[in-house]
Amino acid sequence: MFNIPYKPLTSAPKTPLKFIFAACKGYYHFFIFEIVYGFCNSLFKVSVAVVFSSMIGYFSSIAIADFSWKKALAYLGGILALFLGTNLIRFVRDYINENVRNTISWRVREYGITYAAGHSAAYLKEQKSGQLAQRIISLSHATWRQLFAFTRLNSCTWLILITLFYIGRVSIWFLVPIIIFGICSILVSIAISKKTTNLNQQGAAANAKFNGEVIDSLSNILLIKLFGQERREIDKLQNDLSCANNINIQAVKSESSLYAIQEILLMTFRICGIFMAIYLWQLNKIDVAGVVLVLLLLDDILTYFSRFFWEITNIRTSLGKLADALTFLQVPHDIVDVPQAPALVVKKGKIEFKNLVFGYTPHKKVFNGFNLTIQPGEKIGVVGKSGSGKSTLINLLQRSYDLQKGEILIDGQDISQVSTHSLKQALSIIAQDSLLFHRTIKKNIAFGSPDASDRQIYYAARKALADDFIKQTPHGYLTITGERGVKLSGGQRQRIAIARALLKKSPILILDEATSALDNETENEVIDAINELMINKTVIAIAHRLSTLKEMDRIIVLDKGKIIEEGTPNSLLDKQGKFAKLWNLQQE
């Protein structure tokens, strides 16, 4: 029972309460455990007051001469036993429930990360990573708060019920006003907390937006400083923070007003209860022990009511924050694997684009009946002006978007019918801006092949002509590259990316402006490494610098989504067409 196994969350509804139930699926027996132990804990706790009042009533009814230490020690022993039992049960309950809450909270966070990662690259490019991360964290935290509130609410409920039982045994006259008071207080709390819930949802959205803006500014701090826009960015962040604070202040005011009303109601009822107990004692309706018990339990039950109201408020507050955090789960994935999609198996590396029809908007097509076949091991260069469809072709091959019509085949397998993960494994991509993690050079090289040995990593680095400069860094392969590789030059980042691609050993290589950001000397070094990488691979290379395509087997020239020229580099130069014109312009 103390061992809490981890169970991943595989699906989740998009409404707060249904999401909570789904998150707790597989752990319901622990909540039954909490209810039972909560009852035992509450019974022991209230029984302390019962035994104490009985002791006071007994000693107040006897003469001093009749005092018995044996009787006194029996009462004190009973109180001590109940106290120890209460704390032992509380320790066991808290230990188990803390583990359950943390486990469920972690599975929610993992689900959020997995769901976000399931979106296409096209969708993620439109999102602020900081805002998305904040919502995932809020999703986990709000779920944890809901479970914590349940634990406390369960304890308060049992304490109230058991206390009402004992008060009813002393005098039924106390039960009716207490129940009426409790119902009225709950209704007031729900009415006021409804506004608080809405404010907390708005506040959570504003906080997520502000956090996203902060991360966006910090990740581009060098650009901000380069243009001297520090003051403008700070003013913008202050404006966003002010908007978030205004909503949060309104939420705090609403919560404070609820707390104040609850305290006034509790104090009013406490005073009335004291007068009622004294009045019933005067009428000989209850004895001294009954007065002590009622006053003790009355004070306790009002405290329990206060906690009960506050936990209801916390639950509604967390539901508001959870509702905002769930908004990103309400966006369906635009790229979804077919049920039981098989893995892509690439033996040769033949790529076929058949009758592609695709457009980013319904009324404007990038491709309309596009066809292209790339033979296994063939190296294709793609040329064309901006907007001709070069990057779109690469995005479609990666399945960043789904086609409106047509199909893309790799070794005869439709990429829309295989698992997206296996497709990504079959492709190695080197882009203009090589992305690096804020990790060691060694970990960045091994990112696509986490099981690679040190020997394989060093071999890939040598083949990528990166080994020499890596050894000159302060800590060699254990040097931290900085966020996005900021500590390295463009050429060094590209060579690490090439080493990463070499180590991955994917059969298909995509070069997307891989050298356009480099100076001529560095470009020549990187091209030598790329040539090593291209051996025995099917290659698609996009380049504005046409000189980098001289080793390609075939060049295709795109214009408005159509192939207007095709052939070897030399044949196209001899043809004196579009490719030759672009080539000559770059030679001037």
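Reckoned from all heavy atoms, side chains included, excluding hydrogens, waters and symmetry mates. Computed from a prediction, not measured in an experiment: that's the story for all the values here.
In this structure, D334 does not pair ionically with R399, as no charged nitrogen and carboxylate oxygen lie closer than 4.0 Å.
Within a 6.0 Å radius of NZ in K350, no more than 12 heavy atoms belonging to other residues, nucleotides or ligands are found. Within a 6.0 Å sphere centred on NZ of K537, other residues, nucleotides and ligands contribute more than 12 heavy atoms. For H475, the NE2 atom counts as loosely surrounded, since its 6.0 Å shell holds 12 or fewer non-hydrogen atoms of other residues, nucleotides or ligands. Annotation: F447, atom CZ; neighbour count of heavy atoms from other residues, nucleotides and ligands within 6.0 Å does not exceed 12. By the neighbour-count criterion of 12 heavy atoms within 6.0 Å, atom CG of D454 is densely surrounded, having more than that number from other residues, nucleotides or ligands. Annotation for F21: atom CZ does not count as buried by contact number, only 12 or fewer foreign heavy atoms lying within 6.0 Å.
For the side chain to side chain contact (heavy atoms under 4.5 Å, CB included) criterion with I445, the lone passing option out of T440, I470, L502 is I470. The side chain to side chain contact (heavy atoms under 4.5 Å, CB included) with D411 is formed by just one residue from the set V346, V345, I508; it is V346. Of the residues D553, I540, V539, the one that meets the side chain to side chain contact (heavy atoms under 4.5 Å, CB included) test with I374 is I540.
Within the structure, every pair that satisfies the side chain to side chain donor-acceptor pair (under 3.5 Å) test and touches residues 361-374, not counting sequence neighbours, is listed here: N355-N371.
Among all heavy-atom pairs drawn from E565 and K575, the shortest one is CG-NZ, 4.1 Å.
Judged purely by atom type and a 3.5 angstrom limit, Q456 uses its side chain to pair as donor or acceptor with the backbone of S453.
Under the 30°/60° scheme for interplanar angles, the aromatic rings of Y401 and F358 are found to be tilted. Taking the six-membered ring where tryptophan is involved, the planes of F353 and F370 are perpendicular, since the angle between them exceeds 60° and thus also 30°.
Within the 4.5 Å cutoff, no side-chain heavy atoms of T538 are placed close to those of L509. Contact check for V338 versus S416: no side-chain heavy atoms found under the 4.5 Å cut-off.
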